[in-house]
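Take a look at the structure below.
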Protein chains: 2
Amino acid sequence: MAPMTRWLDADEQRTWRNFVAATQHVYGALDRQLQRDAGMPHTYYMILVTLSETPGRRMRMSELAGRAQCSQSRLSHAVARLEERGWVRREPCPDDRRGSFAVLTEAGFDALAAAAPGHVEEVRRSLFDVLSPEQVRALNEICAAVRNTLER
Amino acid sequence: MAPMTRWLDADEQRTWRNFVAATQHVYGALDRQLQRDAGMPHTYYMILVTLSETPGRRMRMSELAGRAQCSQSRLSHAVARLEERGWVRREPCPDDRRGSFAVLTEAGFDALAAAAPGHVEEVRRSLFDVLSPEQVRALNEICAAVRNTLER
DNA sequence: GCCAAGTATATGAGCGTTCAACTAAAATGG
DNA sequence: CCATTTTAGTTGAACGCTCATATACTTGGC
């Protein structure tokens with residue numbers, strides 16, 4: 001198959017390990033904060049945010065999955081849980097009877113509003129506060145480059 | 001508590017969302033590759049690598065947890081699974097009878113050796129190949145900065 | 001030496017995620 | 001129109017992770 005592995009050199013290895021450590025640190029801090037203070041994982045937060053930003057606070061499941069960056073299955077399970085909490089409800093789609101909308105409820109919006117300040121603080125604390133403005137710019141371009149890989 | 005939230009401005013929000021998308025993309029690709037081709041999650045891979053690099057291929061559980069960046073509980077569960085597969089075994093620590101060593105077996109080393117090329121290829125494909133050398137350098141510094149946050 | 005406090009690790013329940021079916025409804029195209 | 005393929009979404013089992021708790025040993029004061 002692969003004729004010869006392009007191993008990582010010492011610098012690349014250091015970079016990769018720093019990447020793993022850094023990202024896990026950020027996500028760890030984030031998840032702990034959200035779970036502790038708002039009782040939800042980051043995935044749920046992203047789903048609620050995505051819904052809250054769309055007109056009518058409603059979105060088709062598949063589009064929601066795309067925008068909130070999660071698989072359809074994950075979304076389906078997540079929305080089921082969010083429904084149990086009364087934060088989201090499903091509505092059938094009139095145009096396409098296979099489809100359904102996820103709709104953010106008032107209670108869901110309130111839960112999001114309550115969670116947001118702590119979450120944003122944590123994002124700052126764990127990421128932006130430790131970087132210089134140039135680093136933030138560089139990070140943005142790096143992430144955009146990585147992100148574009150899949151969107152082609 | 002927090003008197004006034006330091007919300008993210010438009011640029012920061014874009015950066016944050018790119019960060020989430022990019023990191024999830026990288027980890028997603030990585031986990032899928034490892035699971036598909038080597039039947040293990042990234043956590044297990046890191047544990048095996050860490051053990052393989054230490055003299056005697058053995059390490060105390062708590063040190064292993066630190067170096068492989070995972071919680072003690074996670075490590076304990078993971079090592080239990082790795083033991084079932086015959087990739088790692090536990091040995092009691094003579095100096096401290098509470099403690100134990102995790103030891104990489106031959107089979108474990110072989111499994112790691114078989115998994116490594118595909119994994120490294122995937123790391124390149126999803127991260128290094130899409131970045132310029134300058135971006136890689138910048139990423140390293142950014143991640144080092146984030147990482148140092150907790151090690152103080 | 002003894003008791004309290006701390007340390008090293010294990011364990012189990014609960015939960016989220018993945019993967020592989022599965023259902024049902026649209027689109028496609030003869 | 002009917003048959004095939006595609007698309008939208010759900011479901012359940014398997015599994016890893018987190019959190020709280022438990023166990024067993026060690027250490028530090030007295």
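Side-chain atoms are counted along with the backbone in the values below, which use heavy atoms only and exclude waters and symmetry mates. A note on names: the letters A, B, ... follow the listed sequences, proteins ahead of strands, and every chain is numbered from 1.
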Phosphate-side-chain proximity, Arg97(A) and dA8(D), N/O vs OP1/OP2 below 4.0 Å: no

Are Ser76(A) and dA8(D) close enough that a side-chain N or O sits under 4.0 Å from OP1 or OP2? no

Donor-acceptor pair present, Ser71(B) side chain and dC17(D) base, under 3.5 Å: no

Whole-Å gap separating P (dG9(D)) and NE2 (His77(A)): 15 Å

Donor-acceptor pair under 3.5 Å: do we get one between His42(A)'s side chain and the base of dG16(C)? no

Considering heavy-atom distances to DNA chain C, does Asp95(A) or Gly39(A) have its closest nucleotide positioned more toward the 5' end? Gly39(A)

Across the strands shown, which category fits Ser73(A) at heavy-atom distances under 4.0 angstrom: base, sugar-phosphate, nothing? base

Any base atoms under 4.0 Å from Phe101(A), or only sugar-phosphate, or nothing? Heavy atoms, all strands. nothing

For Arg90(B), which contact category applies under a 4.0 Å heavy-atom criterion: base, sugar-phosphate, or nothing? sugar-phosphate

Starting at CZ of Arg74(A) and ending at P of dA13(D), how long is that distance when rounded to a whole Å? 21 Å

If the cut-off is 4.0 Å, is Arg32(B) near the phosphate of dT18(C), judged by side-chain N/O to OP1 or OP2? no

So what does Asp96(B) touch, heavy atoms closer than 4.0 Å: a base, only the sugar-phosphate, or nothing? sugar-phosphate

Report the nucleotide, chosen from dG16(D), dT10(D), dG16(C), that has the shortest atom-to-atom distance to any side-chain atom of Tyr44(A). dG16(C)

Does the dT26(D) base have a donor-acceptor partner in the side chain of Arg98(B) within less than 3.5 Å? no

